[in-house]
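Protein chains get the first letters and strands the later ones, always in sequence-line order, with residue 1 at the start of each. Small disclaimer: the values here were computed from a predicted structure and weren't measured.
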Number of protein chains: 4
Amino acid sequence: MKPTNLNNGATEYHKNFKKWVERFQKEDLVGCCAQTDVKGDRMKRPSQQRDPDMYVRVVERKSDGIVVRGSKVHNSEASVADEIMVLPTRALLPEEKDWAVAFAVPGDWEGVKQVVSIHNLRDRQYFKRGVAPGSTDSYTIFDNCFIPWERVFLCGETIHGGTCALLFALFHRHSYSGCKPALGDLMLGTVALAAEYNGIAKASHVRDKLAEIIRVSELGYAAGFTASEMGKPEVYMPGLGFRAYGPGSYIPNSIYCNVGRCLSGEAVYREAEILCDISGGIPATFPYEGDFMNPETKDLLNKYITRNPDIHPEDAAQLWRYVGDQICSATGGIHLMGAYHGGGSPIMESIAITTQYDIESRKKLVKKIAGIKDRKVNPEDSKK
Amino acid sequence: MKPTNLNNGATEYHKNFKKWVERFQKEDLVGCCAQTDVKGDRMKRPSQQRDPDMYVRVVERKSDGIVVRGSKVHNSEASVADEIMVLPTRALLPEEKDWAVAFAVPGDWEGVKQVVSIHNLRDRQYFKRGVAPGSTDSYTIFDNCFIPWERVFLCGETIHGGTCALLFALFHRHSYSGCKPALGDLMLGTVALAAEYNGIAKASHVRDKLAEIIRVSELGYAAGFTASEMGKPEVYMPGLGFRAYGPGSYIPNSIYCNVGRCLSGEAVYREAEILCDISGGIPATFPYEGDFMNPETKDLLNKYITRNPDIHPEDAAQLWRYVGDQICSATGGIHLMGAYHGGGSPIMESIAITTQYDIESRKKLVKKIAGIKDRKVNPEDSKK
Amino acid sequence: MKPTNLNNGATEYHKNFKKWVERFQKEDLVGCCAQTDVKGDRMKRPSQQRDPDMYVRVVERKSDGIVVRGSKVHNSEASVADEIMVLPTRALLPEEKDWAVAFAVPGDWEGVKQVVSIHNLRDRQYFKRGVAPGSTDSYTIFDNCFIPWERVFLCGETIHGGTCALLFALFHRHSYSGCKPALGDLMLGTVALAAEYNGIAKASHVRDKLAEIIRVSELGYAAGFTASEMGKPEVYMPGLGFRAYGPGSYIPNSIYCNVGRCLSGEAVYREAEILCDISGGIPATFPYEGDFMNPETKDLLNKYITRNPDIHPEDAAQLWRYVGDQICSATGGIHLMGAYHGGGSPIMESIAITTQYDIESRKKLVKKIAGIKDRKVNPEDSKK
Amino acid sequence: MKPTNLNNGATEYHKNFKKWVERFQKEDLVGCCAQTDVKGDRMKRPSQQRDPDMYVRVVERKSDGIVVRGSKVHNSEASVADEIMVLPTRALLPEEKDWAVAFAVPGDWEGVKQVVSIHNLRDRQYFKRGVAPGSTDSYTIFDNCFIPWERVFLCGETIHGGTCALLFALFHRHSYSGCKPALGDLMLGTVALAAEYNGIAKASHVRDKLAEIIRVSELGYAAGFTASEMGKPEVYMPGLGFRAYGPGSYIPNSIYCNVGRCLSGEAVYREAEILCDISGGIPATFPYEGDFMNPETKDLLNKYITRNPDIHPEDAAQLWRYVGDQICSATGGIHLMGAYHGGGSPIMESIAITTQYDIESRKKLVKKIAGIKDRKVNPEDSKK
């Protein structure tokens with residue numbers, strides 16, 4: 001079937017969007033995508049919610065723009081974004097026009113209220129980290145927020161709801177196949193150092209656990225690599241039953257994006273377990289920085305934390321503090337949840353995979369081999 | 001073989017210990033056991049360490065007592081203990097007399113330096129917890145600490161090193177089969193509430209995950225129950241090759257203690273994963289307390305965190321804060337490590353299980369069924 | 001609530017059943033229980049099936065007895081049973097009277113047609129097994145089979161359908177906690193011998209895999225042990241909402257029966273994997289018996305199958321043949337399926353566990369700790 | 001470092017090999033590679049074995065050729081091969097010259113004795129399969145077998161032992177990433193049909209299990225795809241510390257070959273479990289063909305095996321027979337072992353992965369982030 005281009009020119013969206021993108025690129029802005037709605041009752045559609053604002057929606061259409069209400073959540077770095085791009089979070093029914101809305105606003109636009117949580121490690125006083133990352137997430141609330149038409153990119157065309165949701169998820173999951181292997185590199189290095197500093201680097205169970213981490217990282221990377229190589233300038237929309245052309249840019253293969261993200265995302269608690277396993281209890285009960293500065297305890301602690309005699313106790317201490325940052329800190333715990341759910345929870349990928357995969361052709365293959373002939377059933381037979 | 005009582009009356013240990021226990025009971029003291037040594041190079045025995053203090057040892061024997069040096073670690077609640085009981089952490093060779101030492105001292109005894117880490121959740125300002133638990137762990141350092149003879153319960157009798165280590169581990173692992181199912185109750189209740197508050201309580205994958213948590217809790221409990229019922233007033237020491245009578249109290253069955261602790265201990269990161277899975281990303285990006293008090297955001301947040309319309313948003317907020325306490329806090333992360341390693345890491349139980357289990361009788365059984373006759377090999381055959 | 005005895009004397013069932021049991025015991029008969037119906041469309045109840053015979057049912061009631069039609073399946077050893085006891089397979093609605101039927105017949109009763117599959121290993125010609133077990137399963141078809149009243153133990157009392165189904169499953173699952181650990185003994189012995197004969201008994205991954213098998217066996221046994229110890233002469237029927245007294249005999253605790261069977265049943269393919277892992281490819285490509293008798297190849301084969309030089313090649317060959325019997329034979333594969341599904345598939349236990357477990361009390365506990373107060377929701381709030 | 005070409009022209013091997021290949025291609029022969037030695041005592045090297053023939057070796061060097069002794073095993077389709085290529089199975093020490101031997105012989109060459117096992121399903125009498133595959137494996141025994149020089153491709157150059165072993169394994173593991181996904185297609189189709197024929201295709205646990213099979217297949221395929229794309233005309237030999245040029249053909253990336261084969265190989269018993277789970281016990285107790293031809297039972301069986309009323313019982317029967325072929329037959333069990341170990345057991349891939357992966361660079365990265373400075377240790381410090 002010939003791919004269909006639904007942007008058929010009847011609206012100004014594409015023209016406005018291109019203008020917006022050009023400015024975005026020219027001014028080298030920082031952006032963020034706000035897609036996930038709060039969703040309210042998960043068993044109900046947007047139009048069935050007791051409170052219709054559970055999905056961001058248009059509450060008023062004016063000559064110069066629209067008024068929107070609702071809240072997006074889990075918006076990473078919205079707090080520092082120049083522009084927030086808002087998209088529908090799911091496929092929509094024809095009668096759900098009010099929820100088919102996409103637009104972009106600056107992060108400090110009137111009517112936008114960001115409730116921000118900040119994820120950074122508490123600063124160290126004496127024994128500094130080499131790098132001290134941090135991040136933020138926002139509830140981005142649109143409190144009857146006015147959006148001028150030139151910033152509106154979708155308003156009422158429900159058919160695009162699913163495409164927006166699917167494409168955002170797809171690219172997010174694809175990016176995960178680059179991002180997660182990098183985090184896997186850090187996990188691998190950390191576990192390898194923990195084993196070395198604990199003097200157990202040669203134990204065979206350590207080798208198996210290092211291999212397990214590498215396997216997840218590299219299979220996730222291979223999935224992303226393959227998704228790129230097999231990318232096409234079009235996408236198949238299972239729900240809609242047609243292929244849609246994109247704007248010319250390539251769209252990665254969905255199956256490989258999904259199997260990769262699923263493997264990597266589901267692995268994070270297991271990886272935390274491995275780090276816990278190899279570290280032993282040390283990071284959980286590690287003395288405070290001050291105790292290592294206190295003249296009365298300093299030398300004693302450096303003496304007693306020494307395991308591998310080739311490792312300086314100050315380096316060992318830095319490693320255990322770093323491991324503590326990863327699995328014994330609020331930020332570490334938040335990071336695990338982010339890695340598990342970011343880009344779509346594992347169950348969403350199971351749904352995506354089984355919906356999009358050509359299972360029928362495999363059934364046909366088995367029928368041929370097994371000698372199954374799809375004989376016709378006579379309904380009378382079973383009533384005899 | 002008749003069990004052997006090694007406390008054959010040649011020392012004052014037992015008499016002194018009984019006196020100590022009587023006072024302990026009469027004064028209703030709080031105690032703690034300090035067993036785990038810092039261990040230094042894990043591939044080497046106490047006597048092979050570059051620094052001999054890596055295991056607590058006797059550095060001087062005097063007429064009125066002994067002087068000890070070394071540090072015990074991961075000593076839970078040593079910071080509030082009236083009495084700290086110190087035991088050897090492993091089996092010892094005959095030449096490792098200095099490390100065969102057991103004694104009890106008050107927590108603030110001269111020469112004892114505790115370096116304490118405190119695990120408590122940061123206090124909430126507005127939305128209080130119902131219960132706010134906390135705990136502590138100590139590095140208990142013996143810095144040339146003098147112990148009078150009446151507080152010394154072992155000094156040089158290396159044969160008891162393994163028994164002390166094994167029995168402490170055994171009772172610790174047994175207690176885990178009561179403690180961990182209780183924590184499993186909390187995990188089960190939390191996941192069930194998270195599913196309910198998210199409006200997905202009837203999803204079949206939720207049922208399977210609840211069943212998984214119950215299975216771990218109840219199998220762990222059953223293992224402890226069976227270990228108790230099969231307990232005997234004696235214990236078999238695999239390393240020593242004999243059975244030793246205890247003081248008359250019952251000793252739980254070791255195999256059941258070990259299989260139970262192993263199952264429960266290994267499950268904790270998987271349980272954290274389940275809680276993360278069912279909660280979704282909410283706890284990771286949940287707004288701060290103050291945002292729920294701020295007049296500008298309060299009503300908006302209560303509106304937008306509403307999922308299951310039958311749950312009051314303040315209750316929902318309390319649940320997500322509680323989930324955050326469990327898996328997005330330093331204390332939660334430390335707790336996971338404690339639950340994983342406490343009483344002995346999974347690998348220690350694998351060793352205990354395979355060392356103590358009668359595998360030979362199972363091999364014999366298979367030989368009979370398979371028709372294997374233990375034919376004698378003629379070494380010449382393979383040289384032909 | 002006072003337990004209810006539903007056998008209230010209005011029928012002759014109990015009297016007839018006691019008479020039947022007395023004869024059964026006196027004549028020392030061999031019995032078998034035929035419970036599992038063929039079930040037809042699994043999404044539909046007995047009364048909704050296109051063909052009503054998908055569950056065994058009464059097609060005619062006469063003065064001297066009843067006529068039944070339908071087929072039971074997976075009836076182990078029905079082929080050699082003196083008496084086959086037939087029970088309903090599930091809870092029934094009041095209108096499903098025809099399917100509420102229990103009775104006993106000899107295995108060769110008129111109108112009973114058994115279609116039997118036989119699971120035995122092909123006999124060996126030269127290198128005999130020590131023990132050569134076999135088993136059978138039947139489709140037990142009741143082809144308008146007449147059952148005299150004295151052999152009918154239930155006919156129309158739908159309220160007992162669920163009790164019969166649940167109690168049969170319960171005792172079956174309980175017996176599994178004795179049976180499966182015994183099979184686990186054989187698996188343990190086999191894996192231990194395979195490691196020994198392959199000369200890798202001391203590898204640490206072998207130890208971990210032996211520990212894994214022991215863990216499953218002993219946790220399953222502990223579950224059964226605890227279920228016995230906590231047994232009561234009554235049973236709680238979740239669907240019916242009441243406790244029913246049994247005839248005086250003790251009924252094992254349902255939760256422990258289910259968690260034990262679920263763990264053990266789900267483990268069987270993993271155990272086969274371990275045996276495959278430790279054996280290497282040897283059993284899959286092992287030469288035929290005759291090749292070991294053929295003068296041209298006999299000595300060469302004995303030479304080249306030698307691994308551990310302390311093991312006689314004939315003994316080694318017997319082991320690899322035995323391993324082949326377990327995981328490279330039709331009987332071995334059938335046995336795995338039986339062990340996986342016997343007594344109820346894992347999903348049935350998940351349902352049983354979550355239906356019967358007191359999850360509410362755990363939610364209450366968490367509410368108390370989390371500071372959740374079950375505040376009343378004002379439905380108007382969310383409509384603002 | 002510049003790659004090294006070790007075939008430096010001092011021998012006739014390459015010339016002879018090219019001649020052999022040319023004939024092989026021209027005559028369109030069927031080949032097989034015999035690599036795996038019987039290995040004897042696994043803890044010992046070739047030169048340490050009590051019986052030196054445990055690895056194929058040169059026992060005599062003559063003017064016109066060499067005489068070899070030993071046995072290769074698990075040689076798939078050697079029984080029908082025109083030419084068998086023999087390679088060393090492992091890295092060799094300089095003193096292990098006799099085991100550094102590669103050559104090719106016809107399968108029926110004098111002095112070659114093949115002991116063959118045949119893996120085919122027993123033929124069906126009435127209900128034929130659509131396709132009925134079979135395979136063979138040989139013990140290929142070289143019983144003082146003479147090989148003329150023009151068929152010898154390596155004789156004494158121990159440095160090539162590891163390269164031969166590694167390259168054969170590498171290509172075998174790479175081919176697995178094409179072969180195993182195809183088998184995964186069959187497994188997927190079979191499980192999907194079993195769910196459909198059982199009338200449970202819409203259950204959510206079925207969806208999750210289908211997604212699991214797809215995930216393994218497509219991640220395995222992606223690993224192979226990426227290994228191809230990243231292939232180079234050279235290979236790094238970790239043991240030798242240099243890169244070797246190949247003959248010009250591309251060599252797939254080793255890490256991706258290994259992570260892919262490892263994932264796919266380890267999954268096979270889990271996949272068998274899924275098929276068992278979704279099929280229920282039906283295939284294990286399915287009546288014999290003849291029972292479906294017997295006029296007395298035929299109609300009854302067709303009636304009672306009906307589940308999904310849209311599926312003809314003869315088709316259903318064919319499916320359950322096919323499932324039985326997969327997991328309740330000798331051939332099915334042998335196939336599982338082959339899929340698990342073929343190309344190298346999972347543990348071999350763990351070793352390959354961790355040996356070849358650049359773990360050091362990841363440790364360095366973590367050191368930078370954690371603030372670890374590789375401070376020099378003063379050995380005197382720990383002796384204070």
- Query: Relative to chain C, which segment of B:M187 carries a heavy atom at a distance below 4.5 Å: side chain, backbone, both, or neither?
  - Reply: neither
- Donor-acceptor contact below 3.5 Å, side chain B:S361 vs main chain B:D358: yes
- For each of C:I353, C:D325, C:I214, C:I359, tally heavy-atom pairs with chain B at distances under 4.5 Å, and name the one with the top tally. C:I214
- Query: Between C:R270 and C:E212, is the closest basic N to carboxylate O distance under 4.0 Å?
  - Reply: yes
- Can you list the steps and then say if C:T306 with C:N302 is a side chain to side chain donor-acceptor pair (under 3.5 Å)? CA-CA 6 Å; C:T306 297; C:N302 281 333; over 6 Å; no
- Item | chain C contact via B:F127 - side chain, backbone, both or neither, heavy atoms under 4.5 Å | neither
- Just checking, is any N or O donor in the side chain of C:E229 or C:Y256 under 3.5 Å from an acceptor N or O on the other one? no
- Message: Quick check for you: among B:R129, B:R215, B:R375, which has the greatest number of heavy-atom pairs under 4.5 Å with chain C?
- Response: B:R375
- Item | Engaged part of B:E266 at the chain C interface, taking heavy atoms whose separation is under 4.5 Å | side chain
- Note on the structure: Of B:P133, B:S350, B:A227, the largest count of non-hydrogen pairs under 4.5 angstrom with chain C goes to B:S350
- Query: Using 4.0 Å as the upper bound for N to carboxylate O, is an ion pair formed by C:D315 and B:K373?
  - Reply: no
- Which of the residues C:L188, C:L210, C:V191 is involved in the greatest number of heavy-atom pairs with chain B at under 4.5 angstrom? C:L188
- Query: Where does B:I351 contact chain C at under 4.5 Å (heavy atoms): side chain, backbone, both or neither?
  - Reply: both
- Side chain / backbone / both / neither for B:D310 at chain C, heavy atoms under 4.5 Å: backbone
- Query: Among C:E360, C:M230, C:R124, which residue forms the greatest number of heavy-atom pairs with chain B at distances under 4.5 Å?
  - Reply: C:M230
- Look at B:L186, B:T190, B:L219 and state which one has the largest set of heavy-atom pairs under 4.5 Å with chain C. B:L219
- Applying a strict 4.5 Å limit to non-hydrogen atoms, the region of B:I255 in contact with chain C is side chain
- Would you mind telling me which of C:Q318, C:E218, C:E349 has the largest number of heavy-atom pairs within less than 4.5 Å of chain B? C:E218
- Message: Between B:Y304 and chain C, with a heavy-atom cut-off of 4.5 Å, which part of the residue counts as in contact: side chain, backbone, both or neither?
- Response: neither
- Query: Checking heavy atoms, do the side chain of C:K376, its backbone, both or neither come under 4.5 Å from chain B?
  - Reply: backbone
- Determine, using ring centers only, whether C:Y288 and C:Y126 are less than 6.0 Å apart. no
- Item | Proximity breakdown for B:K128 and chain C, heavy-atom pairs closer than 4.5 Å | backbone
- Go through the structure and list residues passing side chain to side chain contact (heavy atoms under 4.5 Å, CB included) with B:R122, not counting sequence neighbours. A:R122
- Task: Classify the angle between the aromatic ring planes of C:F286 and C:F292 as parallel (below 30°), tilted (30 to 60°) or perpendicular (above 60°).
- Result: parallel
- Should we count OH of C:Y221 as having more than 12 external heavy atoms under 6.0 Å? no
- Message: Assess, by modelled atom type and distance only, whether the side chains of C:S204 and C:D208 contain a donor and an acceptor separated by less than 3.5 Å.
- Response: no
- Message: Taking B:K363 first and then C:E196, would you say they form a salt bridge - that is, a charged N and a carboxylate O separated by under 4.0 Å?
- Response: yes
- Among B:I369, B:V131, B:T354, which has the most heavy-atom pairs under 4.5 Å with chain C? B:I369
